[in-house]
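A quick write-up on the structure given underneath.
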Amino acid sequence: MIKTNPQYPVSLIIIGAGSRGTTYASYALQNPGLATVVAVAEPRQVQQQRFANQHRLKPDAIYSDWKEIAAKDRFADAVIIATQDSLHTDPAMAFMDKGYDVLLEKPMAPTAEECRCIVESALKNKVIFAVCHVLRYTDYTQRLKSLLSEGVIGRVINIQHLEPVGYWHQAHSFVRGNWRKKADSTFMLLAKSCHDLDWIRYIMDSECTRVSSFGGLAHFRAQERPAEAAERCLDCALESSCPYSAKKIYLGRVSNGETGWPVDVITDDVTGKGVMQALQQGPYGRCVYACDNDVVDHQVVNLEFANSCTASFTMTAFTEATHRRTRLFGTHGEIEGNGAEIDIFDFRRDEHSVIDVSTSNATILGGHGGGDARLVESFIRAAGERNSDLVLSGPEETLETHMMVFAAEQSRIENRVVGIEELTGFCGHFEKNS
Ligand SMILES: NC(=O)c1ccc[n+]([C@@H]2O[C@H](COP(=O)([O-])OP(=O)(O)OC[C@H]3O[C@@H](n4cnc5c(N)ncnc54)[C@H](O)[C@@H]3O)[C@@H](O)[C@H]2O)c1
């Protein structure tokens, strides 16, 4: 893409003023010289008004549906699409066809076909396009990449990567919450771990060729339900001894004054009374063994790369921690990383060294180890300077890593090794419109 004079502030439209959309938009409040929010589409009144007040939007800049904005002539530089997983493809393609630069939440879309269409649309329209693979943008990842390129452990031969979802996070999002059912959102590996397969490929710096995968729903199902358990935690005699008690997860937080995520997901009224009502009536008060969930609670993936090196990935619900951990095995050393520290063992010198990369970014955009802030910053700079190289999660490589995820899920379901080339192809949409 040709670089011309920087154009700041980049004007932004936010599609979906929920949790992620609000977070990304806060970049504009913190950096008004670089970005400004000029419109929002959000159907929920409370979220819509809260967002409009934060960004001082006039009534004519507030919409209930992205389609109302897409029907108008282009009036901003870029769009951030932060709607739920199944609502990414149509707005992404509509806005790119209008010439908007697009920052799209992950996963791009629930099917391989839709992902291909989105990427083809980005390439055809020559817009700046980035997917919110925030892990690529953290200080930790960037430090790891530079250490590897300096050869601190020689050539990386194998990567072991763990995504510990966390026992209560699994219950909140993937048993009771928005990502519990494949048909309503998508499968677990795509919803939660597309970040991780993308990250492994980024660190390995080689294309993935083949995958195999196993996994299932082992615990959060009716067969595991104790006989005395009630339908809802508030009525349950076993509640105080259950690790997944909704009372503990939500009311416990409210009584400590913690009313942000995940409490604000279950109700707009984050008082003790409002949360109690949500637990009495809403989906987040249900027994974890009596929900309508079907996504897996554990999964492993083995990956082979074009450089003939390998990686293994584990996603599991059953952990205390929620920080990813990685071991990298190289020809001249070994690295263990946890997002905050990088512990290097050098075979040549027979010694350890530890690098502290914990970030101290305490703002709302400090999420994901500073990755949220760095992602938005990179997208804004890329849009302002018309320089797609500033984006680390652009169309082609993101498509490739999404295909790794679809291939892994296909392997798990079909019980066979799947080659990535099986998932490549064209969606036809590009040809129709070009
Ligand atoms: N990058 C990350 O690390 C990360 C983390 C969490 C979630 N996500 C992804 O971000 C996306 C959003 O997640 P969230 O937790 O913010 O969800 P959310 O439900 O809080 O926000 C989505 C918003 O979209 C709005 N919406 C629905 N229909 C709309 C329409 N027609 N037009 C405009 N807005 C509409 C909803 O009302 C809602 O407020 C999901 O795809 C999710 O998987 C990414």
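Both ligands and their constituent atoms are indexed starting at 1 by order of listing. Everything numeric here is computed off the predicted structure, so don't read it as measured data.
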Between [X] and ligand 1, find which residue part has any heavy-atom pair under 4.0 Å and reply side chain, backbone, both or neither.
X    : answer
A82  : backbone
W261 : neither
K106 : both
H195 : side chain
V265 : neither
V134 : side chain
E105 : side chain

Protein contact to [atom] [nearest heavy atom, distance to 0.1 Å]:
atom                    : result
atom 20 (O) of ligand 1 : S19 N, 3.0 Å
atom 11 (C) of ligand 1 : T83 O, 3.2 Å
atom 28 (N) of ligand 1 : L87 CD2, 3.3 Å
atom 37 (O) of ligand 1 : E42 OE2, 2.6 Å
atom 31 (N) of ligand 1 : D65 OD1, 3.2 Å
atom 16 (O) of ligand 1 : R20 N, 2.8 Å
atom 27 (C) of ligand 1 : P43 CG, 3.8 Å
atom 18 (P) of ligand 1 : Q84 NE2, 3.6 Å

Under 4.0 Å from any heavy atom of [X], which atoms of ligand 1 are there?
X    : answer
R44  : 20 (O), 37 (O), 38 (C), 39 (O)
H88  : 41 (O)
G18  : 20 (O), 21 (O), 23 (C), 39 (O)
C132 : 1 (N)
G16  : 23 (C), 24 (O), 25 (C), 33 (C), 34 (N)
A41  : 33 (C), 34 (N)
D85  : 40 (C), 41 (O), 42 (C), 43 (O)

Ring centres under 6.0 angstrom apart ([X], [Y]):
X    : Y    : result
Y202 : H133 : no
Y27  : F379 : no
Y284 : H172 : yes

(message) Can you confirm if the NZ or CZ of R74 lies within 45° of the ring axis of Y100 and under 6.0 Å from the centre of its six-membered ring?
(response) yes
(message) Taking the six-membered ring of W168 as reference, does the cationic atom of R176 (NZ for Lys, CZ for Arg) lie under 6.0 Å from its centre and within 45° of its axis?
(response) no
(message) If you count every heavy atom of other residues, nucleotides or ligands that lies below 6.0 Å from K98 atom NZ, does the total exceed 12?
(response) yes
(message) Are more than 12 heavy atoms, taken from residues, nucleotides or ligands other than R210, located less than 6.0 Å from that residue's CZ atom?
(response) no
(message) Can you confirm whether T326 sits close enough to I335 that some side-chain heavy atom of one is under 4.5 Å from a side-chain heavy atom of the other?
(response) no
(request) Run down the list F51, Y24, W66 and name the one with the heavy atom closest to atom 32 (N) of ligand 1. (result) W66
Any donor-acceptor N/O pair, [X] side chain to [Y] backbone, under 3.5 Å:
X    : Y    : answer
T138 : T141 : yes
T398 : P395 : no
D65  : E68  : no

(request) Tell me, please: is Y63 in heavy-atom contact with ligand 1, that is, under 4.0 Å? (result) no
(message) Applying the ring-ring contact (aromatic ring centres under 6.0 Å, His included) criterion to F220, which one of Y167, F174, Y244 satisfies it?
(response) Y244
(message) Side chain or backbone, does N178 bring an N or O within less than 3.5 Å of an N or O on ligand 1?
(response) no
(request) Report yes if A17 has an N/O atom closer than 3.5 Å to an N/O atom of ligand 1; otherwise report no. (result) no
(message) So that I can tick it off, tell me whether K124 and D97 are bridged by a salt bridge, with the cut-off set at under 4.0 angstrom between side-chain N and carboxylate O.
(response) yes
(request) Determine, for R232 against E239, whether the closest basic-nitrogen to carboxylate-oxygen distance falls under 4.0 angstrom. (result) no
(request) List the steps, then state whether salt bridge (charged side-chain N to carboxylate O under 4.0 Å, His left out) holds for E113 with R116. (result) CA-CA 5 Å; E113 183 72 358; R116 288 188 209 108; 2.9 Å; yes
